[in-house]
J.: 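This structure is in structure tokens; I'll ask about it shortly.
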Amino acid sequence: MNVTDEIRTCLQAAFNPRELDVIDDSESHRGHAGYQEGGESHFNVRIRAAAFEGQSRVARHRAVHKALGDIVPRIHALALDIGT
């Protein structure tokens, strides 16, 4: 399973989102720090789930990082757009 699918699977299981987009944006960072050949180093995630209702921005980010577990240290950049 590639990293994009791993991220999607973890977030689906943890939050049952009504919207989830996981985009491998690595190619647009070619030549920059953290880029690795073959991609899977830079990701943009847009997630909408009722589970985030009433949580602060920091709490939402912490929840996503916790759900992703050991995936986070394996990637260079993770941009999150989290809502309810």
Side-chain angles (χ1 to χ4, degrees):
M1 179 181 308
N2 65 32
V3 177
T4 302
D5 291 338
E6 286 183 71
I7 291 171
R8 185 175 288 110
T9 298
C10 287
L11 296 179
Q12 282 283 0
F15 304 109
N16 190 29
R18 60 182 171 76
E19 293 179 39
L20 178 61
D21 296 314
V22 181
I23 300 165
D24 181 349
D25 192 36
S26 302
E27 192 56 37
S28 67
H29 296 274
R30 182 178 286 276
H32 299 166
Y35 175 81
Q36 57 191 20
E37 199 61 43
E40 299 197 325
S41 60
H42 295 73
F43 292 89
N44 293 316
V45 172
R46 182 176 187 277
I47 184 170
R48 301 292 181 261
F52 299 120
E53 193 167 332
Q55 292 184 354
S56 69
R57 181 175 181 262
V58 171
R60 291 174 183 188
H61 279 248
R62 286 181 178 155
V64 168
H65 279 253
K66 182 178 180 182
L68 294 177
D70 69 345
I71 296 171
V72 175
R74 296 180 2 225
I75 61 178
H76 179 71
L78 178 64
L80 299 174
D81 178 355
I82 306 170
T84 55

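Just the heavy atoms: all of them, side chains too, but no hydrogens, waters or symmetry mates, feed the values below.
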J.: By the definition side chain to side chain contact (heavy atoms under 4.5 Å, CB included), identify the one residue from Asp21, Leu20, Ile23 that meets it with Val45.
T.: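 Running side chain to side chain contact (heavy atoms under 4.5 Å, CB included) over Asp21, Leu20, Ile23 with Val45 returns exactly one hit, Leu20.
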J.: Within this structure, what is the CZ-CD1 distance for the pair Arg18 and Ile47, rounded to the nearest 0.5 Å?
T.: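 Arg18 CZ to Ile47 CD1: 10.5 Å, rounded to 0.5 Å.
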J.: Could you give the side-chain donor-acceptor pairs of residues 52-60 under 3.5 Å, partners two or more places apart or in another chain?
T.:
unit_1: Ser56; atom_1: OG; unit_2: Ala59; atom_2: N; d: 3.1
unit_1: Arg60; atom_1: NE; unit_2: Phe52; atom_2: O; d: 3.2
unit_1: Arg60; atom_1: NE; unit_2: Gln55; atom_2: O; d: 3.2
unit_1: Arg60; atom_1: NH1; unit_2: Ile82; atom_2: O; d: 3.4
unit_1: Arg60; atom_1: NH2; unit_2: Phe52; atom_2: O; d: 3.3

J.: Under the side-chain hydrogen bond (donor to acceptor under 3.5 Å, both in side chains) test, which residues partner Asp70, sequence neighbours left out?
T.: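 With sequence neighbours excluded, Asp70 shows a side-chain hydrogen bond (donor to acceptor under 3.5 Å, both in side chains) to no residue whatsoever.
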J.: For the atom pair CD1 (Ile75) and CG (Leu68), what is the distance rounded to the nearest 0.5 Å?
T.: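 Between Ile75 CD1 and Leu68 CG, I get 7.0 Å after rounding to 0.5 Å.
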J.: For Pro17 versus Ala49, what's the shortest heavy-atom pair and its separation?
T.: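 In this case the closest contact between Pro17 and Ala49 is CA-CB, 3.8 Å.
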J.: Show the nearest heavy-atom pair for residues Thr9 and Met1, with the distance to one decimal.
T.: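 Reported closest heavy-atom pair: OG1-SD, 4.0 Å.
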J.: Hey, are the side chains of Val64 and His61 touching, using non-hydrogen atoms and a 4.5 Å cut-off?
T.: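 Val64 does not reach His61 side chain to side chain.
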J.: Can you measure from CD (Gln12) to CG (Asp5) and round to the nearest 0.5 angstrom?
T.: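 Reported to 0.5 Å precision, the distance equals 11.5 Å.
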J.: How far does CG of Leu11 sit from CZ of Arg46, to the nearest 0.5 angstrom?
T.: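 Here the rounded value is 13.5 Å.
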J.: Calculate, to the nearest 0.5 Å, the distance between atoms CG and CG belonging to Leu78 and Asp25 respectively.
T.: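 Going from the CG atom of Leu78 to the CG atom of Asp25 covers 11.5 Å.
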J.: Can you find a heavy atom in the side chain of Val3 that is under 4.5 Å from one in the side chain of Asp24?
T.: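 With C-beta onward as the side chain, the pair stays apart.
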J.: Output all residues satisfying side-chain hydrogen bond (donor to acceptor under 3.5 Å, both in side chains) with Arg62, sequence neighbours left out; order by chain, then residue number.
T.: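 Arg62 satisfies side-chain hydrogen bond (donor to acceptor under 3.5 Å, both in side chains) with no residue once adjacent residues are dropped.
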J.: Which heavy atom of Cys10 sits nearest a heavy atom of Ala67, and at what distance?
T.: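 Reported closest heavy-atom pair: CB-O, 3.7 Å.
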